[in-house]
Amino acid sequence: MPSSPLQRRGRFGMRSFRMPPPATLCLIYLSSIIVGAGLLSLPFATAPDVDIGLMTAVFISTSAVTVTGLSTVDVGATFSLFGEVVIAALIQLGGLGLMTFAVMVLSALGIPVGMPQRLILREDLGQTTLNNLTVLVRIILVVALTCELVATCILSFVFIPEFGVAHGMWLALFHAISAFNNAGFSLLPTGLVPYVADPIVNIVIPVLFILGGLGFVVVGDIYQKRSWQRLTLHSKLMLSGSACLIGFGFVTFALLEWTNPGTLGALPSSGQRLWASWFQAVTPRTAGFNTLDTGAMHDSTTMLTMLLMFVGGGSTSTAGGIKVTTLIVLIVATIAFFRRTSGLNIFGRSLKMEEVMKVLALTTVSIILVFVGLFFVSISHDGEFLDLAFEVVSAFGTVGLSRGATAELDGIGLSFIMLMMFAGRVGPLALGFFLATRSAPRVKFAPGQIYLG
């Protein structure tokens, strides 16, 4: 009998097990978290006379690898330069995809990329085919490094006058890496709150959010086609959907918070309030930076932010969430149902029912994960329910925005937040493998009927 897909015969006839790509991908990310935690636990990784403990090291490493940005400590004051470099490296690895770097190293050494590596890379990049994966990897690295270097040069004009050349350049580079990878880590004690009205920060950082959140396929498609008519359906959906979500968030946030003395109401001019509204509309797209006190927002604005965090960014991007294209397909399918139409058409292209089933599966699993995570976190912490829900959604969407509840959690609560961050980053990739795998039914059953609604 043929061997199982998960096993193959070794050199001496022994059966050796081979993990499927999703399991291998999870193991790679988990290994990176362990290595990162070990490096952050070293004595010279923290500031003098600072002992963070193993739990904090694991939490920060998990948050960095999953490009979330949630933290239980002041990163800039807690870690030394070595520790900050480790965090930046973990963010870059986790954001661009660990397999992306592995493939580039193999290519540089002249080692051909085999089918197992291509399968893992396909899951890491959220692709459905194995074609042109190495080309996509090169596009990812070129786009990422170019954006980060340009942003570093521009942000240096903000940080160097205040912090000096050496420290100012490092702050610019760290925030550029964190922003492009949608991580949300900051080395400043109050984040970017002091720069709420700074035009450079309010333009460069959100642009990095958007480029990283659109996805490398979209950025590459724009660079190659440079025409709306020639763009792929995925690119059109991402661009139009992102524009609508940002516009909706910008207008709604401004209306809800304009007179709130804890947020926009504390700013002296309308221009500053508009800058802050713009920034807060973009950052829930899994970016995680903030220029206002998130804990002072109205409950309605908090719910709006949670919705934007849950949706997230795009596929093959540094963002998390269920993705913009998933939300669009859900909306289009719902409209088609009420119109009693049998087909789904978007921008002159039709979608198969199989695509609808995929987004339904992804959304259902995501909702279940959020509710299960909230349930377990609330067992060990009886804090404000909305704050707990905000932290859980932020962790699942790998956003990093916080209302302060994460720092109040005990070891059990922090463990479940870490699981949510890991599931939010790796879970959709693993789920995509099963969604892309077809199996023909061996037995066909007679049709049945159920009553819905």
Side-chain angles (χ1 to χ4, degrees), residues 36-37 39-52 56-57 59-61 63-65 67-96 144-209 211-212 272 275-276 279 283 287-294 318 400-402 407:
L39 293 174
L40 294 177
S41 298
L42 296 175
F44 50 85
T46 56
D49 300 325
V50 175
D51 183 14
I52 60 174
T56 301
F59 188 90
I60 298 298
S61 179
S63 185
V65 172
V67 291
T68 303
L70 286 174
S71 177
T72 56
V73 296
D74 183 348
V75 176
T78 302
F79 294 96
S80 64
L81 178 60
F82 174 80
E84 294 171 0
V85 171
V86 170
I87 293 174
L90 293 176
I91 292 172
Q92 192 77 288
L93 286 169
L96 301 187
L145 296 179
T146 301
C147 291
E148 290 172 358
L149 289 177
V150 172
T152 299
C153 294
I154 299 176
L155 290 175
S156 64
F157 289 99
V158 176
F159 294 119
I160 287 180
E162 184 176 354
F163 298 97
V165 176
H167 191 49
M169 284 297 297
W170 170 238
L171 287 176
L173 176 60
F174 186 93
H175 285 84
I177 293 174
S178 183
F180 182 80
N181 290 283
N182 282 236
F185 275 101
S186 177
L187 300 181
L188 303 174
T190 56
L192 297 179
V193 173
Y195 306 96
V196 62
D198 190 290
I200 295 179
V201 172
N202 279 280
I203 293 176
V204 174
I205 297 294
V207 166
L208 291 175
F209 293 166
L211 289 176
Q272 293 184 10
W275 275 124
F279 196 96
T283 193
F289 285 109
N290 63 293
T291 56
L292 296 173
D293 182 5
T294 308
T318 59
L401 289 175
S402 175

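A quick note: this is a predicted structure, and the numbers were derived from the prediction, not measured.
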**OP:** Can you measure from CD (Gln92) to CG (Leu145) and round to the nearest 0.5 angstrom?
**Re:** 6.5 Å
Original post:
With a 4.5 Å limit on heavy-atom distance, are the side chains of Leu192 and Phe279 in contact?
Top reply: yes
**OP:** Mark yes or no for whether Ser80, through its side chain, and Ala45, through its backbone, hold a donor-acceptor pair below 3.5 Å.
**Re:** yes
Original post:
Counting distance only, does the side-chain N/O of Ser41 pair as donor-acceptor with the main-chain N or O of Ala37 below 3.5 Å?
Top reply: yes
Original post:
How long is the span from the CG atom in Leu187 to the OG1 atom in Thr78, to the nearest 0.5 Å?
Top reply: 10.5 Å
Original post:
If you round to the nearest 0.5 Å, how far is CG of Leu188 from CG of Asp74?
Top reply: 9.0 Å
Subject >> Side-chain heavy atoms of Ile203 within contact of Trp275, under 4.5 Å >> reply: yes
Original post:
For Phe289, which of Asn182, Leu208, Ile205 qualifies under side-chain contact (heavy atoms from CB on, under 4.5 Å)?
Top reply: Ile205
**OP:** List for me each residue that meets side chain to side chain contact (heavy atoms under 4.5 Å, CB included) alongside Ser71, sequence neighbours excluded, and say none if there are none.
**Re:** Ile60, Val73, Val75, Phe185
Subject >> Minimum side-chain heavy-atom gap Ile87-Leu40 below 4.5 Å >> reply: yes
Original post:
CD1 of Ile91 to CZ of Phe180: how many Å apart, nearest 0.5 Å?
Top reply: 13.5 Å
Original post:
Where the side chain of Asp198 meets the backbone of Ile200, is there a donor-acceptor pair that is under 3.5 Å apart?
Top reply: yes
Original post:
Does Phe79 offer a backbone N or O that forms a donor-acceptor pair with the side chain of Thr46 under 3.5 Å?
Top reply: no
Side-chain donor-acceptor pairs of residues 159-170 under 3.5 Å, sequence neighbours excluded:
from	atom 1	to	atom 2	distance (Å)
Glu162	OE1	Tyr195	OH	2.8
Trp170	NE1	Glu84	OE1	2.7

